[in-house]
Amino acid sequence: MPELPDVEVFRRYINEHALKQKISDVTVNNTGILKNTSVSNMKKALKGKVFSRTSRRGKYCFLETNGEDTVVLHFGMTGNIKYHENGTPLDDHERVRFHFENGNILSFVNVRLLGEVRLIKDKDSFVTSKQIGSDALQLSYNQFRQLLQRRSSMVKSMLMNQNLLSGIGNVYADEILYQSRIHPKKNVKDLTESQVKKLYTMMKKVTETAIKKNVDAGKFPHSYITHRREEGEKCPSCGGTLEKIKVSGRPTYFCPKCQEE
DNA sequence: AGTACCACCTGACGGC
DNA sequence: TGCCGTCAGGTGGTAC
């Protein structure tokens, strides 16, 4: 799940439930999820502190504290966030639990262990060291156009390149390209000015719509294909059959009729 | 520079 | 029922 819209929804959920509550403990179910830190470091850094605010860049979620440390969450291919009322028994997939003095718990859920939890001092240097591109929602049209300049790659690969712009993953890349009526394998150097413009507009629109709909694909507009990622599904525009191919190794759905190469 | 392939993990699903 | 291969909304490394 966790692409930009999903992470943004998690972030808002955390804002709604888990800010300004004193942290009493941190427990870790599987230490493999911790990167560059340890359970004892986590406890030491967070006990007695509160999460003061959250932020996000691409698929990374930052939980800033009133201390020196910031918790970084990345979900990998699976995962979500859950705020528990007091006394909820531990589920196997809850990898890290932040316990609050009021008895409630903020839980980092991660089925496959591809996600990670970190502790950092400085967000900017983290972003720099990881070379995380500008957030897709923050990018201006001019910046977007700059990114495409003198570049030669398949448009879907470009959208998913987190070093260029961050937040777009496999599913939303397909939706953006479908809404833009651009073939996923089209080379960015062959895009017309109006296609670039369309791509940018749809990137924003699809992302914002997904957030507005709380990333519930069932509530997405009928004209979307995100909830149609299965063999044999029909294109909501032309009624033809959606095709499944691989692009940079990832399963890709598109309409061969509406998105000509 | 861009792409293909593999690895990291676990769970769900279809075929036998 | 159970085993097995395949696949999955991400990222990082390697090799061409």
Side-chain angles (χ1 to χ4, degrees), chain A residues 1-11 28-36 56-61 72-81 91-96 108-118 126-127 129-133 135-136 146-179 184-191 203 206-207 209-211 213-220 224-233 242 244-254:
Chain A
M1 289 161 108
E3 302 183 31
L4 188 158
D6 309 84
V7 179
E8 177 61 17
V9 169
F10 298 155
R11 190 187 74 78
V28 180
N29 191 8
N30 187 318
T31 52
I33 212 80
L34 300 182
K35 291 287 171 324
N36 295 333
R56 184 187 57 71
R57 183 166 175 125
K59 302 171 189 172
Y60 288 89
C61 184
V72 186
L73 306 179
H74 191 280
F75 296 87
M77 295 260 274
T78 56
N80 61 320
I81 279 291
D91 180 274
D92 278 352
H93 302 132
E94 291 179 44
R95 307 303 184 180
V96 179
F108 176 79
V109 184
N110 203 243
V111 176
R112 295 162 74 180
L113 292 164
L114 300 174
E116 52 187 63
V117 175
R118 295 171 183 265
F126 175 75
V127 166
S129 70
K130 289 282 236 176
Q131 294 183 273
I132 307 168
D135 188 82
Q146 287 288 329
L147 291 179
L148 305 193
Q149 222 90 81
R150 293 180 305 280
R151 196 163 292 278
S152 171
S153 79
M154 292 184 285
V155 60
K156 181 170 176 179
S157 309
M158 181 278 293
L159 282 176
M160 289 179 63
N161 184 341
Q162 304 298 303
N163 302 320
L164 286 183
L165 71 169
S166 63
I168 308 299
N170 195 40
V171 167
Y172 289 104
D174 282 0
E175 190 66 73
I176 291 162
L177 289 164
Y178 174 74
Q179 296 300 327
K185 284 191 168 178
K186 182 128 184 153
N187 195 303
V188 295
K189 71 177 165 21
D190 298 326
L191 292 175
M203 178 176 81
V206 166
T207 306
T209 301
I211 294 169
K213 300 292 179 188
N214 239 24
V215 292
D216 179 352
K219 295 196 179 117
F220 287 5
Y224 276 38
I225 59 166
T226 294
H227 52 298
R228 298 190 169 92
R229 298 179 69 77
E230 269 181 59
E231 220 88 58
E233 284 282 337
L242 297 180
K244 182 184 182 186
I245 56 173
K246 293 260 183 198
V247 178
S248 25
R250 311 296 305 279
T252 299
Y253 292 85
F254 74 108

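The chains referred to below are lettered A, B, ... by the order of the sequence lines, with proteins before strands, and numbering in each begins at 1.
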| Would you say the side chain of A:Glu233 lies within less than 4.5 Å of the side chain of A:Ile225, judging by non-hydrogen atoms? | no

| Atom-pair distance (CG on A:Asn110; P on B:dC9), nearest Å | 13 Å

| Name the one of A:Lys59, A:Arg57, A:Arg56 that satisfies side-chain hydrogen bond (donor to acceptor under 3.5 Å, both in side chains) with A:Asp135? | A:Arg56

| Nearest-Å distance once atom P is located in both C:dC3 and B:dC9 | 23 Å

| query | Do other residues, nucleotides or ligands put more than 12 heavy atoms under 6.0 Å from A:Lys219 NZ? | reply | no

| remark: Pairs under 3.5 Å (Watson-Crick or G-U), crossing ones as [ ], inter-strand ones as |: DNA chain C comes out as .|||||||.|||||||

| request: For nucleotides 10-16 of chain C, just jot down a letter per nucleotide in 5' to 3' order: B, S or -, based on protein non-hydrogen atoms under 4.0 Å. | output: BBS----

| query | Can you find a heavy atom in the side chain of A:Asn80 that is under 4.5 Å from one in the side chain of A:Phe10? | reply | yes

| Would you say A:Arg95 and A:Val117 make side-chain contact, with heavy atoms under 4.5 Å? | no

| task | Find the distance A:Glu8:CD to C:dG9:C1' and express it as a whole number of Å. | result | 17 Å

| Side-chain heavy atoms of A:Tyr224 within contact of A:Thr209, under 4.5 Å | yes

| query | Less than 4.5 Å apart, any side-chain heavy atom of A:Leu165 and any of A:Met203? | reply | yes

| field | Close side-chain approach of A:Tyr60 to A:Lys130, heavy-atom, < 4.5 Å | value | yes

| request: Under the side-chain hydrogen bond (donor to acceptor under 3.5 Å, both in side chains) rule, collect the residues that match up with A:Asn187, sequence neighbours excluded. | output: A:Ser152

| task | Output all residues satisfying side-chain hydrogen bond (donor to acceptor under 3.5 Å, both in side chains) with A:Lys156, sequence neighbours left out; order by chain, then residue number. | result | A:Asn170, A:Asp174, A:Thr252

| query | Roughly how many Å is it from OH in A:Tyr224 to P in C:dG9, rounded to a whole number? | reply | 19 Å

| query | Tell me: CZ of A:Arg229 to P of C:dC7, nearest whole Å? | reply | 15 Å

| query | For A:Ser248, which residues count as a side-chain hydrogen bond (donor to acceptor under 3.5 Å, both in side chains) partner, sequence neighbours excluded? | reply | A:Ser157

Look for any protein N or O under 3.5 Å of an N or O in nucleotides 1-5 of chain B and output each such pair with its distance, or none.
residue: B:dG2; atom: OP1; partner: A:Ser152; partner atom: N; Å: 2.8
residue: B:dG2; atom: OP1; partner: A:Ser152; partner atom: O; Å: 3.3
residue: B:dG2; atom: OP2; partner: A:Arg151; partner atom: NH1; Å: 3.0
residue: B:dG2; atom: O5'; partner: A:Ser152; partner atom: O; Å: 3.3
residue: B:dT3; atom: OP1; partner: A:Met154; partner atom: N; Å: 2.9

| Is any side-chain N or O of A:Lys246 closer than 4.0 Å to OP1 or OP2 of C:dA8? | yes

| query | A:Ile245 has an atom CD1; how far is it from atom P of C:dA8, in whole Å? | reply | 13 Å

| field | Donor-acceptor pair present, A:Asp174 side chain and C:dG9 base, under 3.5 Å | value | no

| query | Separation of A:Ile33 atom CD1 from B:dC9 atom P, in whole Å? | reply | 11 Å

